[in-house]
Amino acid sequence: MATEAPTQSYSEQWYWDDRYKNESEPFDWYQKYSPLAPLINLYVPQRNQRVLVIGCGNSAFSEGMVDDGYEDVVSIDISSVVIDTMIKKYSDRPQLKYLKMDVRDMKAFEDASFDAVIDKGVLTTCLNIITSLKCIMFHLYNILDFCVCVFRNLRLHFGDVGVIRGNTQHKCLKRFGVDETYRVLKDKGVYILITYGAPIYRLRLFKESCSWTTKLHVIDKSLTDQPLDTPKWELTKPLPLDADGSSVESAIGKNPDVHYIYVCIKDESSKMEADAA
């Protein structure tokens with residue numbers, strides 16, 4: 001039986017190349033396009049707006065957008081295997097463009113070149129990697145702390161480990177493409193993140209990275225490509241959102257069976273005000 005790759009491998013091209021060599025059927029993380037279409041249409045209302053789908057894999061999400069009338073959908077992935085497959089699959093659909101690219105380095109795209117960026121797994125994968133790395137660093141720190149107790153002079157060499165441990169998440173967010181996503185978006189462009197991560201954990205990340213105005217929507221988890229007949233939550237209606245996200249639990253209860261959709265609007269005016277302060 002094949003062993004599961006370490007979480008840290010999720011940021012490596014070889015992992016995804018190997019995975020897609022053995023996966024021929026399309027797979028969508030979290031949600032397919034059809035259930036999300038009303039929300040996408042709300043925040044990307046013009047069909048000629050330019051859309052970037054990051055970490056596309058072999059998902060049919062971009063195809064769904066073009067079927068819905070969108071004229072310029074660019075999809076990127078770190079895996080050359082899956083990108084080659086998707087280019088061949090959609091060679092007769094010029095509205096769909098597939099590029100082998102790492103979200104951490106999108107220099108092929110100019111600043112402010114997209115109206116929307118859609119993320120159905122990249123940031124979540126990033127945070128899983130960070131959590132894994134923090135666990136490793138925590139254990140290493142404890143080992144080093146023990147060594148310091150035994151060999152006091154080691155603190156001269158390892159005294160900054162605590163600082164590294166504390167700053168890991170913010171530095172990794174930059175490393176895993178949040179800054180690049182912000183850069184390629186136009187002012188007032190939208191970064192739409194679909195995830196299982198609750199706002200009490202996610203909102204702080206947006207505040208620490210770039211200048212966003214954030215709205216939150218939820219959608220029932222579904223294993224089909226069609227909306228539920230009687231959805232519990234109104235997809236296009238934002239939830240009340242306070243600074244730490246605690247208001248969401250009051251609105252929809254504790255541990256709801258939903259995916260969270262963060263709509264982060266790029267706000268250059270807020271950034272300029274912050275820089276001037």
Distance from [X] atom [atom1] to [Y] atom [atom2], nearest 0.5 Å?
X: Ser59; Y: Met86; atom1: OG; atom2: CE; value: 6.5 Å
X: Met65; Y: Asp72; atom1: CE; atom2: CG; value: 10.5 Å
X: Leu235; Y: Lys237; atom1: CG; atom2: NZ; value: 13.0 Å
X: Asp242; Y: Ser250; atom1: CG; atom2: OG; value: 8.0 Å
X: Phe109; Y: Leu185; atom1: CZ; atom2: CG; value: 11.5 Å
X: Leu96; Y: Glu63; atom1: CG; atom2: CD; value: 7.0 Å

Proximity of Tyr196 and Tyr260 rings by center, below 6.0 Å: no
Test of ring centre spacing under 6.0 Å for Trp29 and Phe61: no
Would [X] and [Y] count as having a side-chain donor-acceptor pair, cut-off 3.5 Å?
X: Asp68; Y: Tyr33; value: yes
X: Asp84; Y: Ser80; value: no
X: Ser211; Y: Asp267; value: no
X: Tyr70; Y: Gln95; value: no

Quick test of your reading of the model: are [X] and [Y] salt-bridged, counting only N-O distances below 4.0 Å?
X: Asp67; Y: Arg93; result: yes
X: Lys188; Y: Asp115; result: no
X: Asp111; Y: Lys186; result: no

Stepwise side chain to side chain contact (heavy atoms under 4.5 Å, CB included) test for Ile54 and Ser75: CA-CA 6 Å; Ile54 60 176; Ser75 304; over 6 Å; no
Would you mind reporting whether [Y] and [X] have side-chain heavy atoms less than 4.5 Å apart?
X: Asn58; Y: Glu23; value: yes
X: Val184; Y: Leu52; value: yes
X: Glu180; Y: Arg104; value: no
X: Ile219; Y: Val258; value: no
X: Ile194; Y: Leu36; value: yes
X: Ile40; Y: Ile192; value: yes
X: Ile265; Y: Lys215; value: yes
X: Val74; Y: Leu99; value: yes

For residues [X] and [Y], report the shortest heavy-atom separation together with the two atoms involved.
X: Ile83; Y: Cys56; answer: CD1-SG, 4.1 Å
X: Pro199; Y: Val248; answer: CG-CG2, 3.7 Å
X: Pro240; Y: Ser247; answer: O-OG, 2.9 Å
X: Ala108; Y: Met101; answer: CB-CE, 3.7 Å
X: Pro26; Y: Lys89; answer: CG-NZ, 3.8 Å

Whether the side chain of [X] engages the backbone of [Y] through a donor-acceptor N/O pair (distance < 3.5 Å, no angle test) should be reported.
X: Gln31; Y: Lys120; result: no
X: Glu268; Y: Asp187; result: no
X: Asp179; Y: Arg183; result: no
X: Gln49; Y: Gln46; result: yes
X: Thr214; Y: Cys264; result: no
X: Ser62; Y: Val73; result: no
X: Asp77; Y: Gly57; result: yes
X: Thr85; Y: Val81; result: yes

Criterion side chain to side chain contact (heavy atoms under 4.5 Å, CB included) on Val218 and Ile261, from CA distance to verdict: CA-CA 6 Å; Val218 294; Ile261 307 169; over 6 Å; no
Atom CD1 of Ile200: over 12 foreign heavy atoms under 6.0 Å: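 Count not over threshold, so no.
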More than 12 heavy atoms of other groups within 6.0 Å of Lys97 NZ: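 Atom NZ in Lys97 is packed in, count exceeds 12.
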Side chain to side chain contact (heavy atoms under 4.5 Å, CB included) between Val44 and Val51, intermediate numbers included: CA-CA 9 Å; Val44 193; Val51 179; 4.0 Å; yes
Step-by-step side chain to side chain contact (heavy atoms under 4.5 Å, CB included) determination, Val117 to Leu193: CA-CA 8 Å; Val117 176; Leu193 169 68; over 6 Å; no
Cation-pi, Tyr182 ring and Lys266 (6.0 angstrom, 45 degrees):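 Flagged: Lys266 positioned over aromatic ring of Tyr182.
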Passing candidate, ring pair (Phe, Tyr, Trp, His ring centres under 6.0 Å) with His217, options Tyr43, Trp233, Tyr262: Tyr43
